[in-house]
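Notes to accompany the following structure.
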Amino acid sequence: MSIEIRNVRKNFGSFSALNDISLDVPSGELVALLGPSGCGKTTLLRIIAGLESPDQGQVLFNGEDTTERHVRERQVGFVFQHYALFRHMTVFENVAFGLRVRPKQTRPTEAEIHRRVHELLNLVQLDWLADRYPPQLSGGQRQRIALARALAVEPKVLLLDEPFGALDAQVRKDLRRWLRRLHDELHITSVFVTHDQEEALEVADRIVVMNKGVVEQIGTPGEVYDNPATPFVYHFLGNVNLFHSRVHAGFARIGELELEAPEHAAAADAAALAYVRPHDIDIQREPDGASAFKAEVSFIHPIGPIVRLELRREDNSEIVEAEVTRERFRELDLKDGESVYIKPRAMKLFLAEAA
Amino acid sequence: MSAVISHPLPTYGAKIAQSRAIAESAWLRWLLIGTALAFLGLFLFVPLAAVFTEALRKGWDAYLAAFTEADALSAIKLTLTASLIAVPLNLVFGVAAAWAIAKFDFKGKSVLITLIDLPFAVSPVIAGLIYVLVFGLQGWFGSWLSDHDFKVIFAIPGIVLATIFVTFPFVARELIPLMEAQGKEEEEAAIVLGASGWQTFWRVTLPNVKWGLLYGVILSNARAMGEFGAVSVVSGHIRGMTNTLPLHVEILYNEYNYAAAFACASLLALLALVTLALKTLVEWQATRAAVTAE
Amino acid sequence: MTARPSKSNTVLPGFKPALGYTIFYLSLIVLIPLSAVFLKTTLLTWDAFWATVTAPRVLASYRLSFGAALLAAVINGVFGLLVAWVLVRYRFPGKRLIDAFVDLPFALPTAVAGIALTAVYSTNGWIGSWLEPHGIKVAFTPLGVVVALTFIGLPFVVRTVQPVLEDLEAEAEEAAASLGANRYQTFTKVILPSLWPALLTGFALAFARAVGEYGSVIFIAGNMPMVSEITPLLIITKLEQYDYSGATAIAVVMLVISFVLLLAINGLQWWSSHRHTK
């Protein structure tokens, strides 16, 4: 089932949690709502679920307006951030709950309930915990039970609020791969909320980056990471170096450096910020024409396959971060305090009013 | 007054892990324990023991006779009736109030909580007085009631009303913090899974607060059966008619019938002991539930 | 695009009926009857009201009710802290039983407490007979009132201080010890400051409860006008003489004082819960 969100607004008092949000979730996709805390992503998820209603705008499931439909009739599965398992019920009863509360006419028989619950518990590989109570489970187990419980009602849409937020690093990694595989198996339209860029990049088909109640960018993980649409997205996904610059007639000037900026051909002596990823900083021993800064190596920090360098620009003493492979690092044979020439290999310019 | 009238459900076991650096010397420890126990003995245990000693002063037969006598029996019956009406009414109120206050946000919430606490702050005598002013002969509805030949003051309805008033906040006071602490995620989860409002309440909310609920009921029942001041004002002390057991104790005592007075008092003291035992049991259960939920 | 009025931000049902019933029942049982007291006094002229509430016998009863309640609350403040300390910090036989018995004054009907204390503290009682040779008379004197009010206020301080004491981090005391503080200094400079709000709350609760107390006091007080007559008893006496306006006037004075106390206690609890927000 596809989800369409059209011009949704939501205020809490004078605080604008969602400001004219529109987006599409195609049927069968796994979409991440990514943003810092307070950006409105959880509110949006709760509005899709019907746990909150928008002040304005519509939510459409398969093209049909569900804004007025009660959460009970929306056929959504919702996995809460802290799982919200019923603590006085066994794992089995938790998963069976959604079937047991159905009206008599549509309620499955007891045998059918048993079959379905065990099927789901097998799916999440926790059938052996059926008689335990939620407090006796580990965080990762609770998470999977919460998922099984949400799936029990055969939802058309699966919504997950910070599904891995409360878990420790290793469990979190395992679970998100598992969720990805599960999604590939079930192909149920899913939306999950996260503040962890790595999680979104690894799991989602498509990422919706949100900030302060507005959508900053929608795209595949590759698009969002390699081609950020706004300065915010640049900052939020990965490290980035900032260079103050002036743009004039298709050229950008950073310090002594002049670089081509064809996308800003119309700009006339406008202030701009240049965003450059650390791995897009090119380092040379010798000057390569005029298009490089002189900088001093101030810190060398090898991590795994890459080496992170801090370089102090000679002209204004600003620190530039760079990442090079170990191979390149060995080639350059850099030491603390040595002088090098650096230049951005790729960059993105945002004019001042946009930045 | 507020929350602590009923000692809130306990935290999960005291941390008594004391290192040597911060322990008192043995003699000081025992001096403190001794002083505390002497104080409790003087004010709690000696009076409690006195109730039973005085009650049995004239032997078992006189003891049993004291509350198998007709006036005593009717006093017991009235006490039970009043509390059987008051406690369930306040239970329903407490659940409704806790649901509204703990699960929803609205303006004036803290004012409402303070108002629910009010009966704890009012002297029992004034609790009785207010109903006399409303329903008594000189009161707002006095002449209307007497025209319709319905008595509230110096009759059972007045006693029930006074009992409701003095036990008014107990259940609500116990449930509000408990339900607030549990949040509303579980209820939301139930609704998303298709449960109706009532199904959510009966299957999710109520099982989660059952110990707190029971705790509130036990405390309000003890207060309801033992209330003296408020009931005294509205009762009129008509023997065999509007006398509750605590009032019966007073009458016997004022007639210098000490053995009978203490015999009836011992019945109430037993009720208090049962209350304490049940209360401790519920606390223990609730602690266990809380510990397994850790 | 349709504009809707903002709805309550939850899908849980039943808010309106629950709140409606709460307010209805609260008004019916508490607010409307209580307002009767205030409306009734408006029938009195200010001079008549003032004359009633400041009559010498009434003033004497305030002195006794508030004085004895204050004294009892102080006693409970000191010994309640001690009992809470002993129950939290030390191990001794019968501790759990004694812990449970601290709540006896909540569970024991006040009339029973009244006659039991009278029996124990009268001149031929277990404790009274032992005090009498020393010239101390308890029953049927103002001292008896203090004893009764100490009894009924006993659990308040213990039960407010106990949980706070349980939650105190041993580390803070160990730190104090490691910095060279002796046990007394640790108690007064580290422990006591964090107990203050709870102690004050318990004290105020015990005081407020004692001011309005009736059942346990009238048996042991002797009820001599000007000497050992408490204010609630005076209200009853006036009622029995069909002096409704007199009874109501005194009740208004007591109610106003109780409300002020209630507000103070709520303020204290707010203070103590926000002082330690984690």
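Values in this document were obtained by computation on a predicted structure and should not be read as measured data. Sequence lines set the chain letters: A, B, ... in the order given, protein chains first and strands last, and positions in each chain run from 1.
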Aromatic plane relationship, A:F86 with A:F97 - under 30° parallel, 30 to 60° tilted, over 60° perpendicular: tilted
So which of A:E73, A:H82, A:Q81 has the biggest tally of heavy-atom pairs under 4.5 Å with chain B? A:H82
Counting only non-hydrogen atoms closer than 4.5 Å, does A:V153 touch chain B with its backbone (N, CA, C, O), its side chain (CB onward), both, or neither? side chain
Applying a heavy-atom distance below 4.5 Å, give me the residues of residues 112-121 of chain A that approach chain B, sorted by number. none
Answer whether the closest heavy-atom distance between the side chains of B:K184 and B:F104 falls below 4.5 Å. no
Taking A:D168 first and then A:R172, would you say they form a salt bridge - that is, a charged N and a carboxylate O separated by under 4.0 Å? no
If you count the non-hydrogen atoms of other residues, nucleotides and ligands that lie under 6.0 Å from NZ in A:K212, is the total more than 12? no
Tell me every residue that passes side chain to side chain contact (heavy atoms under 4.5 Å, CB included) with B:L278, counting only those two or more places apart in sequence or in another chain. B:I218, B:V274
Set out, in order, the CA-CA distance, both residues' side-chain angles and the distance that settles salt bridge (charged side-chain N to carboxylate O under 4.0 Å, His left out) for A:D205 and A:R180, then state yes or no. CA-CA 10 Å; A:D205 294 321; A:R180 179 70 242 183; 3.0 Å; yes
Select one option (side chain, backbone, both, neither) describing which atoms of A:L85 are under 4.5 Å from chain B's heavy atoms. backbone
Output field: ring centroids B:F120/B:F170 closer than 6.0 Å: yes
Scored by heavy-atom pairs under 4.5 Å with chain B, the best of A:R149, A:R102, A:Q75 is A:R149
State, with a plain yes or no, whether a side-chain heavy atom of A:R100 is found less than 4.5 Å away from one of A:E93. yes
